[in-house]
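Quantities reported herein were computed from a predicted structural model and do not represent experimental measurements.
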Amino acid sequence: MAKQYKCSNYGICPEADKETIFQETDLEEVDGKFVCPKCGQELEVIEKGGGGGKGKLIGIIAAAVVLLGGGGTALLLSGGKDEPAPEPAPVAVEEPVAVEEEPAVEEPAPVKETPKPAPKPASSTTYSLGWGTYEGPMQGGKPHGMGGEIKVTKDYQIDMKNGSFKSVSRGDKIVSCKFNSGKLVQGYIHHANGQQESLYIGN
């Protein structure tokens, strides 16, 4: 008598879910085995008085395990009882690390420059020239610098160092004088009669 076969790939193969019965005479043998023409899985022989419904239930459970993964296995095997979810593992909280502040670098205080003493102005005093009295800046005991004044006390011929002379008389003045180490260099002659002339002595 020809045997009957069925596919046990429940939940995946539609022929298994429909409990399609295959006749041995309708199947082709592959490597000595009869396989489902739909999904290619090896077929099971239908035993007389078989427990097809039980096999189907086991197949559905197996398919559910594949689909749901390992987490669904415990649920299916326990009969669907609600079990408390595992407590999440404590998360380590990193304590804040105190950052040491680097000490502030103090900038060196600015060096106060000692003010240099101002050059001492030439002393002003009275000096006798022999033919007049000079009053003005002095240096080294001699007339020196700008701004002095000569009061002529007697007639005198001033040598201009160029072969000529300028005459001054008692009562004349030479103002805005410039001396260089006791030597008269320039000035302005104010004569007693009101006349004025410039004075410049060469080297």
- line: salt bridge (Lys or Arg N to Asp or Glu O under 4.0 Å) filter on Lys161, not counting sequence neighbours, yields none
query: Going from CG on Asp172 to NE2 on His190, what distance comes out if it is rounded to the nearest 0.5 angstrom?
result: 10.5 Å
message: Show the nearest heavy-atom pair for residues His191 and Ser167, with the distance to one decimal.
response: CE1-O, 3.5 Å
query: Got a sec, which residues hit side-chain contact (heavy atoms from CB on, under 4.5 Å) with Tyr156, two or more places apart in sequence or on another chain?
result: Trp131, Ile158, Val168
message: Just to verify, what does Ser164 make a side-chain contact (heavy atoms from CB on, under 4.5 Å) with, not counting sequence neighbours?
response: Met160, Asn162
field: ring-ring contact (aromatic ring centres under 6.0 Å, His included) partners of Phe22, counting only residues at least two apart
entry: none
- prompt: Considering residues at least two apart in sequence or located in another chain, which fulfil the ring-ring contact (aromatic ring centres under 6.0 Å, His included) criterion with Tyr127?
  reply: none
- prompt: Of all residues at least two apart in sequence or in a different chain, which pass the side-chain hydrogen bond (donor to acceptor under 3.5 Å, both in side chains) check with Thr20?
  reply: Glu15
Result of checking Asp17, Ile12, Val35, Leu43 against Cys7 for side-chain contact (heavy atoms from CB on, under 4.5 Å): Leu43
- line: Between the NZ atom in Lys142 and the CZ atom in Phe179, the distance rounded to the nearest 0.5 Å is 12.0 Å
With Asp31 via side-chain hydrogen bond (donor to acceptor under 3.5 Å, both in side chains) - residues at least two apart: none
- request: Inspect the surroundings of CZ in Phe165 and state if more than 12 heavy atoms from other residues, nucleotides or ligands are less than 6.0 Å away.
  value: yes
query: Quick one: do Val152 and Ile201 end up in the same hydrophobic cluster if we chain Ile, Leu, Val, Met, Phe, Trp and Tyr together by side-chain heavy atoms under 4.5 Å apart?
result: yes
- prompt: What pairs of residues pass the salt bridge (charged side-chain N to carboxylate O under 4.0 Å, His left out) test when at least one of them lies in residues 180-200, not counting sequence neighbours?
  reply: Lys166-Glu197
- request: List in chain and number order the residues that pass salt bridge (Lys or Arg N to Asp or Glu O under 4.0 Å) with Glu42, two or more places apart in sequence or in another chain; answer none if no residue qualifies.
  value: Lys33
message: Under the rule for side-chain hydrogen bond (donor to acceptor under 3.5 Å, both in side chains), what residues qualify as partners of Lys151, not counting sequence neighbours?
response: none
field: CA sep, side-chain torsions, deciding dist, call: Phe34, Glu24, side chain to side chain contact (heavy atoms under 4.5 Å, CB included)
entry: CA-CA 8 Å; Phe34 292 112; Glu24 182 178 359; 3.9 Å; yes
Reported CG-to-NZ distance for the pair Leu129 and Lys154, which is rounded to 0.5 angstrom: 11.0 Å
- prompt: side-chain hydrogen bond (donor to acceptor under 3.5 Å, both in side chains) with Glu44: which residues, sequence neighbours excluded?
  reply: Ser8
task: Give the minimum heavy-atom separation between Tyr134 and Gly148, together with the two atoms involved.
output: CE1-CA, 3.7 Å
query: Does one hydrophobic cluster hold both Val185 and Ile150, with members joined at side-chain heavy-atom distances below 4.5 Å?
result: no
- prompt: Is there a side-chain contact between Tyr5 and Ile21, using heavy atoms and a 4.5 Å cut-off?
  reply: no
- prompt: Any donor and acceptor pair, going by atom type alone, linking the side chain of His144 with main-chain N or O of Ser181 inside 3.5 Å?
  reply: yes
- request: Could you tell me whether the side chain of Pro143 reaches within less than 4.5 Å of the side chain of Met138, counting heavy atoms only?
  value: yes
task: State which residues pass side-chain contact (heavy atoms from CB on, under 4.5 Å) with Thr133; sequence neighbours excluded, sorted by chain then number.
output: Thr126, Thr153
field: Separation of Ser176 OG from Glu149 CD (nearest 0.5 Å)
entry: 8.5 Å
